[in-house]
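A note on names: the letters A, B, ... follow the listed sequences, proteins ahead of strands, and every chain is numbered from 1. Note that the coordinates shown come from a computational prediction; the quantities given were computed from them, not determined experimentally.
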Number of protein chains: 2
Amino acid sequence: MARPKSYNVEEVVERVVHAFWQHGYQALGLRELEHLTGLNQFAIRSEFGGKEGLYLTALELYTEAAISHAMQPVRDGRFLQISVFLRSLVTDGSMTSSKYGCLIVNTGIENARVGSTRLEEAVRRYWHELESSFLVCLQNAIEAEEIDPDIDPEPIAKGLVSAVMGVHAQNRLDQKNDAGKQLVEILCGQLKSMELS
Amino acid sequence: MARPKSYNVEEVVERVVHAFWQHGYQALGLRELEHLTGLNQFAIRSEFGGKEGLYLTALELYTEAAISHAMQPVRDGRFLQISVFLRSLVTDGSMTSSKYGCLIVNTGIENARVGSTRLEEAVRRYWHELESSFLVCLQNAIEAEEIDPDIDPEPIAKGLVSAVMGVHAQNRLDQKNDAGKQLVEILCGQLKSMELS
DNA sequence: GAAGTTTCTCTACAACTGCATGGAAATTAT
DNA sequence: ATAATTTCCATGCAGTTGTAGAGAAACTTC
């Protein structure tokens, strides 16, 4: 018994993600957000909790999608799944590849000042999840005797996370979704050299 | 025959660099900039050309300092100078190491939207200079038979640049000037494996 | 010391920000 | 139909933004 919403929530949130992804948080005003997404200001406030709430919603969708579709295969897969993941960062059509870089990287750098605790947590969760996925995969690889058992998985996992940030930063800088491919190749080469044959 | 400036230009520009470095461009207003740097608005406008002009001045100082003090040794040095450079990104007291990441990385990510041509050029120049330094060093290393001659220096140089971005992004995210050290170690390991013994 | 020149300070302005309000519009239940 | 409920839309508001102008202040030269 009410007027129906003029938008489809899922569609709209997807557009919200892309809008923030491309333009950043501060630079994107509410008026422009309306035009870009089809949302109205009432909905932004009542359904999402204002601009920051909307941003958090976008971050959560982005994170959940990345975890379930991109990171989970790494966690569950064999050693080469790490290389598959890395290459997907610079592959056309891949979910994790974009000429706008990575929403989380962009947020982390832009938000260093804003200091919103909720934003910071959302960002930290993403990277923790990625590092953890790398770590599990590396540990399994050692267990399965796919790679040299003398390897310390933790610094490798941490280092790979930083490298992923670099790939995304390069992609955004060049506005090309494969700009970071040379780094990806270096990393894949390094990973290959860890394999026992 | 005029009233003297109430500030020392060099000192002030240094403070401007740090202010933008820490807070970013958009988030830092002119009023706060006054308090942080000791500049007055008249000076910002008449001497630097407004906020964007001031930012460009800061970028130029930052870039010139990095080129002459951090990149030049790579260009002129032997192969291991690359590793020295990388380690300096995560070393206390180093000019290229900061818990606020790198002014150029931050600018590149934040400015993808602003679309200021002058800003974009300043950023591009920095990365081009770094890539070129890596490249020259690698070519010299091949010439001097320090490393495997089958190595293709160009993708390595490009990949290292992306990796440097990753180190800085990690440093900023964790607000620690050595947060990216694991990636640095991975890279140094890879470089070491390229050496002829 | 008076004139000339540059810098500084104060005020103001138009544009924009996110947010809030009030009434119209659209739907369902009675 | 009528009432109730929810959403939409237009307007407004206080705060902030970068910029600009007028007059005061500080210094040098004559």
Side-chain angles (χ1 to χ4, degrees), chain A residues 1-13 15-17 19-59 106-107 110-119 122, chain B residues 1-13 15-17 19-59 106-107 110-111 113-120 122:
Chain A
M1 49 153 108
R3 176 173 180 171
K5 297 175 203 285
S6 64
Y7 53 91
N8 175 287
V9 178
E10 296 191 11
E11 274 181 11
V12 147
V13 175
R15 278 201 287 268
V16 169
V17 169
F20 280 127
W21 195 346
Q22 179 173 353
H23 301 111
Y25 178 65
Q26 318 178 78
L28 191 54
L30 282 183
R31 273 83 172 174
E32 196 177 353
L33 211 42
E34 291 185 275
H35 295 148
L36 254 54
T37 64
L39 273 174
N40 58 73
Q41 288 203 31
F42 175 82
I44 294 181
R45 193 151 41 85
S46 64
E47 178 143 9
F48 298 100
K51 190 187 176 186
E52 185 172 327
L54 188 63
Y55 195 55
L56 278 163
T57 306
L59 282 184
N106 302 350
T107 303
E110 192 182 333
N111 187 55
R113 141 129 249 258
V114 181
S116 159
T117 313
R118 300 173 66 198
L119 255 63
Chain B
M1 48 154 111
R3 178 174 178 171
K5 297 175 203 285
S6 63
Y7 54 90
N8 175 287
V9 178
E10 296 191 11
E11 275 180 12
V12 146
V13 174
R15 280 200 286 269
V16 170
V17 169
F20 280 126
W21 197 345
Q22 179 173 355
H23 300 111
Y25 179 65
Q26 318 179 79
L28 190 55
L30 281 183
R31 273 82 174 175
E32 196 177 352
L33 210 43
E34 291 185 274
H35 294 146
L36 255 55
T37 63
L39 273 174
N40 58 71
Q41 289 203 30
F42 175 82
I44 294 180
R45 194 151 41 87
S46 64
E47 178 144 11
F48 298 100
K51 190 186 176 186
E52 185 172 327
L54 188 63
Y55 195 56
L56 278 163
T57 307
L59 282 183
N106 302 349
T107 302
E110 191 182 335
N111 187 55
R113 137 92 103 71
V114 182
S116 158
T117 312
R118 299 173 65 198
L119 255 63
E120 199 184 317

**Study point:** Length of the CD1-C1' vector between A:I44 and D:dT7, whole Å
**Key:** 14 Å
Check your understanding: Donor-acceptor pair, A:K51 side chain versus A:R45 backbone, under 3.5 Å?
Key -> no
Point to revise | Beyond-backbone contact of A:L119 with A:E52, side-chain heavy atoms, under 4.5 angstrom | key: yes
Practice item. Only pairs at least two apart or in different chains count here, so list each ring-ring contact (aromatic ring centres under 6.0 Å, His included) that has a residue in residues 34-55 of chain A. Key: A:F20-A:Y55, A:Y25-A:Y55
Review point. Please give, in whole Å, the distance from D:dT16 C1' to B:L33 CG?
Key: 15 Å
Study note, to complete from the structure: Comparing B:P4 with B:G49, nearest DNA chain D nucleotide closer to 5' gives the residue B:G49
**Study point:** Gap between atoms CG and P, on A:L54 and C:dC19 respectively (whole Å)
**Key:** 10 Å
Check nucleotides 20-25 of chain D for protein N or O atoms closer than 3.5 Å to its own N or O atoms and list the pairs.
from	atom 1	to	atom 2	distance (Å)
D:dA25	N3	B:R3	NH1	3.2

Practice item. Looking only at side-chain atoms of A:S6, point me to the closest of D:dT5, D:dC8, C:dT7. Key: D:dC8
**Study point:** Separation of atom NE2 in B:H35 from atom P in D:dT17, rounded to whole Å
**Key:** 11 Å
Review point. Over how many whole Å does the gap from B:Q26 atom CD to D:dT17 atom P extend?
Key: 13 Å
Review point. Does some side-chain heavy atom of A:V12 sit less than 4.5 Å from a side-chain heavy atom of A:R15?
Key: yes
Point to revise | Most 5' of B:L30 and A:E47 on DNA chain D, judged by nearest nucleotide | key: A:E47
Exercise for review: Output all residues satisfying side-chain hydrogen bond (donor to acceptor under 3.5 Å, both in side chains) with B:E47, sequence neighbours left out; order by chain, then residue number.
Suggested key: B:K5, B:Y7
Check your understanding: Roughly, in whole Å, what's the span from NZ in B:K5 to P in D:dT28?
Key -> 14 Å
Point to revise | Close side-chain approach of A:L39 to A:V16, heavy-atom, < 4.5 Å | key: yes
Exercise for review: Would you kindly give the OH-to-P distance between A:Y25 and C:dT17, to the nearest whole Å?
Suggested key: 13 Å
Study note, to complete from the structure: Across all chains, not counting sequence neighbours, the side-chain hydrogen bond (donor to acceptor under 3.5 Å, both in side chains) partners of B:E34 are B:Q41
Review point. Whole-Å distance between D:dA10 C1' and A:N40 CG?
Key: 12 Å
Exercise for review: Consider the side chain of B:R31, meaning its heavy atoms from C-beta on, and name the nucleotide among D:dC13, D:dG18, C:dT27 that approaches it most closely.
Suggested key: D:dG18
